[in-house]
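Just so it is clear: chains get the letters A, B, ... in the order the sequence lines come, proteins before strands, and each one is counted from 1.
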Amino acid sequence: MEYNFREVEKKWQQYWKENKTFRTENKSSKPKYYVLDMFPYPSGAGLHVGHPLGYIASDIFARYKRLKGFNVLHPMGYDSFGLPAEQYAIQTGQHPEITTKTNIARYREQLDKIGFSFDWDREVRTSNPDYYKWTQWIFIQLFNSWYNPETDKAENISTLIPKLNGFKSLSEKEQSDLLLDYRLAFLSDTMVNWCPQLGTVLANEEVKDGVSERGGYPVERKLMKQWSLRITAYADRLLKDLDGIDWTESIKEAQRNWIGKSEGTSFKFQISDFKFQIEVFTTRPDTIFGVSFVTLAPEHELVEKLTTSENKKVVEEYVTAAKNRSERERQADVKKITGVFTGSYVEHPFTGKQIPIWIGDYVLAGYGTGAVMAVPAHDTRDFAFATHFGLEKPIVILPSVDWDFAENSYDEKLGKLVNSDFLNGLEVKEAIKKAISVIEEKDLGKGKTNFRLRDAIFGRQRYWGEPIPVYYENGIPKVLNENELPLLLPEVDKYLPTETGEPPLARAKDFKKDNKWEYEYSTMPGWAGSSWYFLRYMDAHNEKEFASKEAIDYWQNVDLYIGGAEHATGHLLYVRFWTKFLNDLGLIPVIEPAKKLINQGMIQGVSSYVYRIGNSNKYVSLGLRKEYDTTPLHVDVNIVTNNVLDIEAFKNWREDNANAEFILEDGKYICGSEAEKMSKSKWNVVSPDLMVEQHGADCLRIYEMFLGPLELSKPWNTNGITGVSNFIRKLWRLYHTCSNNQQLTTNNFFVSNEPATKPELKVLHKTIKKIISDIEGFSFNTSVSNFMICVNELTELKCNKREILEPLAIIIAPYAPHLAEELWLQLGHNESITYATFPELKEEYLIESAFNYPVSFNGKTRFFHEYDLFLTKEQLEKEVMTLEQTQKYLEGKTPKKIIIVHNKIVNIVI
RNA sequence: GCCCAGUUGGCGGAAUUGGUAGACGCGCUGGUCUCAAACACCAGUGAGAAAUCGUGCCGGUUCGACUCCGGCACUGGGUACCA
């Protein structure tokens, strides 16, 4: 009887569901372990084989931890607010909620087929009111908090008020405005990325190369009143705490760059003939004597005041032009140097020299002070600007290498200072210290730290998101009380912005608090709900709190988090930010959401091509196509096996193909192939459903792991799956009589209770050892190899001993849970294998008494010889020298040296 | 430009601390079974006739380098006038 995966897998999936096998309690005598996947956005396209890669890995790990005696939390849910459902609603009028529900049902069906061990009783959906009630609640906590630099944490806004002089005497409106400058959720005029086509604001990370990440529409800069979150208050902690978590170095590095800490000096220049000063920020105060001009951003507040009348016209034109340039144009024209002279000068604080003030759009208004001291000889951008406008480039650092200052600036922080008064002769690092101390002494400026990180814009002019729980009382923004939550998403007639450009929520009838005060019409961004969902899983149905204190104290934070690296500077930064904030408020005991993070690679599709000759209906095989004039066409990868086209299937694929003719090579039609992104239009999408149908869930799970290291991106290739199929059948056969065996019965289960032999035990324990180190090192591909080796060796030994096969079923259960359950049942167990005990490794079975030494000459292996492991080096050396082969390779010479590494190698140096 | 990761057979990929390069699987070749095919099973499979040569390229350290060091090239990802 061959293994019938369809029947067996269906049966166990049903069993798990009925028995709630994976239900997890918030109390246990076992240690806890929290394994989390990044939850999916339920799109209409369904899952393709790339999606489950990370889920399979985390599921294996979760199941392994259960076998190892842990109380494992392994939940799943849906990030169900988002743009595609809304775009679909705009086009069809279909309510996003309906689309979302349908998609979720489809996702669930697909996920269930793969046999994941999720505790579905804890499912969350970010678009459900009982979930977003608490997203809104956290927003209110952010609104009610400020960041106290003295305690270095968030505190209730009430602790700020005593520190504000004359606060009580201000009007209510003035008080509100003043507090908004401190609140962690605040309303302000902000330069935003505005996308006219989408009718909404986008976050920096939603804009790629000047166009929207979704849809690819142009994005402009625009000043708007917007809700933002003061993530910059946490910049230093977000940076520092990266050191304490076990995340991949590339994600940490991406976050470090995104936060962009830079330490320098802020420094004031006196404007000649005026009372004003210009403050600049520099990381290179050592180059102060190399300053030849000062550049302001076009948006700088002093531009108007210090432009002289004769320069007024050109400056105004320049500023207007710069403002109107879209984000896209600015980025496309990075190399194009533009700027204009204001006509005014500042005084050099040490030399008293007159230094011209320029305006240039290479200086960003939003970073530092929006003004820079330009040192053309030692800064690439200043160099380009000075070259373009013919400005001076005084050299103040002498490089130790030859340098052509006419060609390039010298930006390195290495060399000796020259032409720099009190800094002369110092090394750059010394000079920086000295310059700061002199600047501080003379009260011209002080040491300062800047961050590249911007506050996170939190409002989106969209329908399908969490309503921001704010209303405006006489124009003053106020948050709802907790008992007024959730603020439900209102019904609207259309999902588009209004004709006056207001967000879709403005269309809702009677969307007013107490029928009087207008609510905020923006909704929250996609990342709001995902910034705290890991906490909700701990206590998913709590109606009184976002999660109970007991649940949070028990589960703490995520032990293993698996998901895509594309969230490096989005979700993964925001979830850290919210975690730190909730910790400041004493609501959770942890400062980081996840101890360990692994990024699974992307799975690309492999497209197949057929080659049509001209416009005929004739197709030529890959190898012969050069002899003809051909057009490559995508062909459905599901009718191609090992690059060989199924000609019948091809004829039935499309009507036009029915009469197709073929030029074959060796009787086959060979297709071309190329790795590309998986997409419908390229006919290269492989759905997990199809794989499960053809090969079984266990086979898909093992094959996805076998493909290569989890973190690696790789093209999907179904070719190798037969190897895994064969392996599963071989494994099954260990427990059953083969078809050619005499003892064939209806149930041909055939496991013996005789004691196992030493070689059998050695195979088992060798495998246990490797599997443990592979799983714990997240090397799932090699563990599959090791299972294959184990099954091959046991087959060779004709082993059917319970003593071996019972532990084997357990160690393979995380990978092939359906098969393992069936075997476990046949072995006579009535309980699920899920909570069996992982077999103990017994090293005594692995002890070797001899080793087959490679004997090498000058590092090159020539032959092998087996020796007892208890031989001493001296004995071994003697033995080796007596060998005939040794003498042969010595060619009569005397060895200079013989190196013997115990249990490894013998190397004879001639 | 800067930062990160990578480069090993026809293919996916293995190789504790430097110690037998190519595990495991696919594919391919030959064979057994069969009227035949499929399945299955057995044998072989880095290159080369061989000596030898082989882990992107050049150099170094070492008895010994895929592994360590210096330089370079290429591929993928992130980021970008951040002073």
Side-chain angles (χ1 to χ4, degrees), chain A residues 2 205 208-209 248-258 260-262 264-265 280-284 287 295 297 330-331 333-337 360-364 366-375 378-382 384-385 411 450-454 565-566 568-569 599 601-602 642-643 673 703 706-709 711-724 726-727 729 738-740 773 777 779 781-789 792 852-864 895-910:
Chain A
E2 282 292 303
E205 54 278 6
K208 296 262 139 77
D209 301 323
T248 54
E249 202 46 44
S250 65
I251 294 277
K252 288 197 199 180
E253 209 44 43
Q255 293 210 349
R256 285 187 194 112
N257 290 338
W258 191 259
K261 182 174 183 168
S262 90
T265 316
V280 298
F281 174 76
T282 180
T283 55
R284 298 293 302 275
T287 61
T295 317
R330 286 191 55 218
Q331 294 188 351
D333 292 347
V334 162
K335 295 244 157 65
K336 197 170 141 192
I337 295 152
D361 73 351
Y362 79 96
V363 179
L364 301 178
Y367 183 79
T369 59
V372 300
M373 56 177 232
V375 187
H378 305 289
D379 181 282
T380 309
R381 293 148 307 172
D382 297 338
F385 195 86
D411 298 10
N450 260 326
F451 292 94
R452 208 189 72 107
L453 185 72
R454 293 285 103 84
E566 67 273 20
T569 52
N599 302 115
M602 286 254 268
N642 294 333
N643 292 330
S673 64
Y703 185 58
F706 190 49
L707 232 38
E711 296 92 332
L712 225 72
S713 285
K714 54 228 154 192
W716 175 261
N717 181 344
T718 317
N719 291 350
I721 202 165
T722 52
V724 175
N726 287 343
F727 158 72
R729 281 212 296 276
C738 303
S739 52
N740 59 356
S773 72
S779 177
N781 55 328
T782 54
S783 57
V784 175
S785 300
N786 284 316
F787 279 126
M788 288 174 170
I789 293 168
N792 287 345
N852 197 19
Y853 279 93
V855 181
S856 58
F857 294 79
N858 291 338
K860 290 197 170 103
T861 307
R862 298 301 181 183
F863 62 89
F864 294 88
K896 281 185 195 149
K897 203 172 173 188
I898 298 178
I899 285 146
I900 290 168
V901 182
H902 182 75
N903 210 5
K904 284 271 199 280
I905 202 169
V906 176
N907 188 20
I908 299 170
V909 186
I910 313 173

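- Rounded to whole Å, the separation between the P atoms of B/C26 and B/C39 comes to 12 Å.
- When atom types are taken as modelled, the side chain of A/Ser856 and the backbone of A/Val906 share a donor-acceptor pair closer than 3.5 angstrom.
- Between A/Lys714 and B/G12 there is no side-chain polar atom (N or O) within less than 4.0 angstrom of OP1 or OP2.
- Atom C1' of B/U52 sits at a distance of 49 Å from the matching atom of B/C35, rounded to the whole Å.
- Note on A/Ser262: a side-chain N or O is less than 4.0 Å away from OP1 or OP2 of B/A83.
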- Tell me, with the steps shown, if A/Asn599 and A/Thr248 meet side-chain hydrogen bond (donor to acceptor under 3.5 Å, both in side chains). CA-CA 8 Å; A/Asn599 302 115; A/Thr248 54; 3.0 Å; yes
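- Note: A/Tyr703 and A/Trp716 meet the aromatic proximity criterion, with ring centroids under 6.0 Å apart.
- Here, B/A14 and B/G59 have their C1' atoms 29 Å apart, quoted to the whole Å.
- Pairing for B/U16 is absent, judged as Watson-Crick or G-U wobble with the two contacts each under 3.5 Å.
- In this entry B/G30 has B/C42 as its Watson-Crick or G-U wobble partner, both defining distances falling under 3.5 Å.
- Across B/G9 and B/U55, the matching C1' atoms stand 10 Å from one another, rounded to whole Å.
- Among B/G19, B/A83, B/G12, the nucleotide with an atom closest to any side-chain atom of A/Tyr367 is B/A83.
- B/C68: Watson-Crick or G-U partner is B/G60, with both key distances under 3.5 Å.
- Listed candidates were B/A83, B/U20, B/C4. Nearest to the side chain of A/Val363 is B/A83.
- A close approach under 4.0 Å does not occur between any side-chain nitrogen or oxygen of A/Arg256 and OP1 or OP2 of B/G78.
- Of the P atoms belonging to B/U20 and B/C68, the separation is 16 Å, rounded to the nearest Å.
- Taking the P atoms as reference points, B/G54 lies 10 Å from B/C66, given to the whole Å.
- Closest to the side chain of A/Glu253, from the set B/A83, B/C3, B/U79, is B/C3.
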Between N or O atoms, less than 3.5 Å apart, protein on one side and nucleotides 46-55 of chain B on the other: list the pairs.
none

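- Residues A/Tyr362 and A/Phe385 bring their aromatic ring centres within 6.0 Å.
- Comparing B/A21, B/G25, B/G27 against the side chain of A/Thr861 picks out B/A21 as the nearest.
- Glycosidic conformation, B/G12: anti, with the torsion outside 90° of 0.
- Side-chain atoms of A/Lys904 lie closest to B/G19 of the nucleotides B/G19, B/A14, B/A83.
- Proximity of a side-chain donor or acceptor of A/Arg452 to a complementary backbone N or O of A/Lys261 within less than 3.5 Å is not detected.
- When distances are taken from the side chain of A/Val901 to each of B/G19, B/A23, B/A83, the shortest belongs to B/G19.
- For A/Asp379, counting side-chain heavy atoms from C-beta on, the closest listed nucleotide (B/A83, B/G25, B/A14) is B/A83.
- Searching all strands for a Watson-Crick or G-U wobble partner of B/A50 with both distances below 3.5 Å returns nothing.
- If you check B/C81, B/C63, B/G19 against the side chain of A/Tyr362, the one that comes closest is B/C81.
- Contact annotation: A/Asn781 side-chain N/O to B/A14 OP1/OP2 distance is under 4.0 Å.
- Look at the C1' atom in both B/G25 and B/C72: the space between them is 35 Å, to the nearest Å.
- Minimum atom distance to the side chain of A/Asn726 is reached by B/A40, of the listed B/C24, B/A40, B/C81.
- For B/A49 and B/G56, the C1' atoms lie 29 Å apart once the distance is rounded to whole Å.
- For A/Phe706, the side-chain atoms get nearest to B/G25 when compared with the rest of B/G25, B/U79, B/A83.
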